[in-house]
Number of protein chains: 2
Amino acid sequence: MARLDTTRCNLTAFRKATRRVSQLYDELLAPSGLRGTQRAILVHVARSQSSTIGELAAALVLDRTALTHNLKPLQRDGLVTVAADKDDRRSKRVRLTKRGESKLAESQDAWRQAQDRFEAAFGARQAAELRQTLELVAALEFGEPMPAAPPG
Amino acid sequence: MARLDTTRCNLTAFRKATRRVSQLYDELLAPSGLRGTQRAILVHVARSQSSTIGELAAALVLDRTALTHNLKPLQRDGLVTVAADKDDRRSKRVRLTKRGESKLAESQDAWRQAQDRFEAAFGARQAAELRQTLELVAALEFGEPMPAAPPG
DNA sequence: TCCATATATGTGTATATGCACCTATTGCCA
DNA sequence: TGGCAATAGGTGCATATACACATATATGGA
């Protein structure tokens with residue numbers, strides 16, 4: 001029964017929840033001029049000093065080309081720089097600018113408010129547990145489907 | 001310490017996990033020509049027979065205008081119809097077409113495979129629990145921030 | 001040394017998502 | 001009944017995300 005029961009679709013559940021949480025964070029971050037995703041990128045860049053596009057994309061569980069696109073507005077606004085690595089000119093290093101550091105600091109209070117508001121509604125302890133679960137999901141390896149006849 | 005610790009940002013955790021799960025579902029759904037979100041919309045429409053834009057958006061925890069945009073390719077491909085309600089011409093009713101029903105049925109196996117693959121990696125019981133948690137998050141009410149002085 | 005291959009990234013296109021602003025109906029009330 | 005507020009949607013713009021395809025650089029073996 002209930003072959004089409006939406007409540008059983010894992011992806012739909014993830015998307016609905018993420019949309020709801022995004023709405024909260026983006027609303028509070030709006031005055032700072034940063035979106036949630038943009039702030040996450042800046043935070044990753046700040047923590048790694050300088051990483052390549054590929055490294056950054058992997059850390060964000062984001063498609064490499066999506067990251068390239070997402071970096072555009074950040075470069076345009078002078079928050080990050082993207083320059084070829086001098087040892088391997090195929091790679092590019094993403095670095096936070098002074099302005100990027102400032103913007104990140106400037107958005108800190110709004111982010112804190114979003115965190116507090118979420119955790120007031122959902123529970124701080126529950127939030128911490130859920131974050132761990134979500135990080136686990138983000139790192140999941142979904143193997144290829146079982147072939148009809150295994151070799152050997 | 002760790003004021004910028006990314007692992008503590010709830011939104012980032014949600015986004016990473018959702019991207020990962022989306023990648024799995026979209027990969028398996030690709031042959032059917034449907035994206036995960038598109039399938040979710042068709043499922044909701046199928047279950048409600050005919051709902052308005054607003055009702056559908058609320059059910060999907062999706063901004064009204066985002067849904068309008070998302071419906072465009074589905075209309076173009078003849079999977080749904082959107083027509084003014086005859087009793088209240090402000091409202092529009094979204095309905096599944098025969099072709100939409102077929103497409104939904106056609107994508108059923110791929111969706112089932114995605115569900116199975118996710119649950120093989122994450123655990124079926126854990127997935128069921130997580131879905132409940134995510135639905136709860138999607139329905140959260142984040143009140144306005146506490147004013148400095150409560151009335152009375 | 002030269003070229004095939006592997007690695008790292010960018011571009012164009014399509015969908016996903018939400019905000020600001022605009023239009024069309026409906027309801028209500030003076 | 002005339003008109004304004006409330007309700008339901010749409011459009012344009014900007015960002016978010018990923019795939020197919022194209023480009024540039026590095027590497028290793030013949």
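The chains referred to below are lettered A, B, ... by the order of the sequence lines, with proteins before strands, and numbering in each begins at 1.
Between the side chain of B:R64 and the base of C:dG18, no donor-acceptor pair of N or O atoms lies under 3.5 Å. At a cut-off of 3.5 angstrom, counting only N and O atoms as typed in the model, there is no donor on one side facing an acceptor on the other between the side-chain of B:R90 and the base of D:dG9.
Between B:K72 and C:dA14, a side-chain N or O to OP1/OP2 separation shorter than 4.0 Å is absent. The phosphate of C:dT17 has neither OP1 nor OP2 within less than 4.0 Å of any side-chain N or O from B:R35. Contact between the side-chain N/O atoms of B:T68 and the OP1/OP2 oxygens of D:dG10 is found at a separation under 4.0 Å. One finds a side-chain N or O of A:R19 lying less than 4.0 angstrom from the OP1 or OP2 phosphate oxygen of C:dT17. In this structure, A:K92 reaches the C:dG10 phosphate: one of its side-chain N or O atoms is under 4.0 Å from OP1 or OP2. For C:dG18, one of the phosphate oxygens OP1 or OP2 lies less than 4.0 angstrom from a side-chain nitrogen or oxygen of A:Q23. Taking 4.0 angstrom as the limit, B:R15 places a side-chain polar atom (N or O) nearer than this to OP1 or OP2 of D:dT17. Proximity of B:N70 to the phosphate of C:dT15: no side-chain N or O atom is located under 4.0 Å from OP1 or OP2.
Between the CD atom in A:Q108 and the CD atom in A:Q115 there is a gap of 9.5 Å [rounded to 0.5 Å].
The distance from atom CG of A:D87 to atom P of D:dA26 is 10 Å, rounded to the nearest whole Å. Rounded to a whole Å, the CG atom of B:L11 is 14 Å from the C1' atom of D:dT15. The nearest whole Å value for the distance from the OH atom in A:Y25 to the C1' atom in D:dT15 is 20 Å. When rounded to the nearest whole Å, the span between CG of B:D26 and P of D:dA18 equals 9 Å. Atom C1' of nucleotide D:dC13 and atom NE2 of B:H69 are separated by 9 Å, given to the nearest angstrom. One can place CZ of A:R93 at 11 Å from C1' of C:dA8, the figure rounded to the nearest angstrom. Distance B:L60 CG to C:dG18 P: 11 Å, rounded to the nearest Å. Atom CD1 in A:I53 sits roughly 14 Å away from atom C1' in D:dA24 (whole-Å rounding).
For B:A66, whose side chain is taken as the heavy atoms from C-beta onward, the closest listed nucleotide among C:dT17, C:dG10, D:dT15 is C:dT17.
Place A:S22 and A:D88 on DNA chain C by their nearest nucleotides, and A:D88 ends up nearer the 5' end. In terms of position on DNA chain C, the residue among A:S91 and B:L71 whose nearest nucleotide sits closer to the 5' end is A:S91.
Just one residue in the list A:T81, A:V94, A:L71 forms a side chain to side chain contact (heavy atoms under 4.5 Å, CB included) with A:V45, and that residue is A:V94.
Using a 30° and 60° split on the angle between ring planes, A:F118 and B:F14 fall in the perpendicular class, above 60°.
Looking only at distances, no side-chain donor or acceptor of A:R20 sits under 3.5 Å from a matching main-chain atom of B:V61. For the pair A:K16 (side chain) and B:A139 (backbone), a donor-acceptor distance under 3.5 Å is absent.
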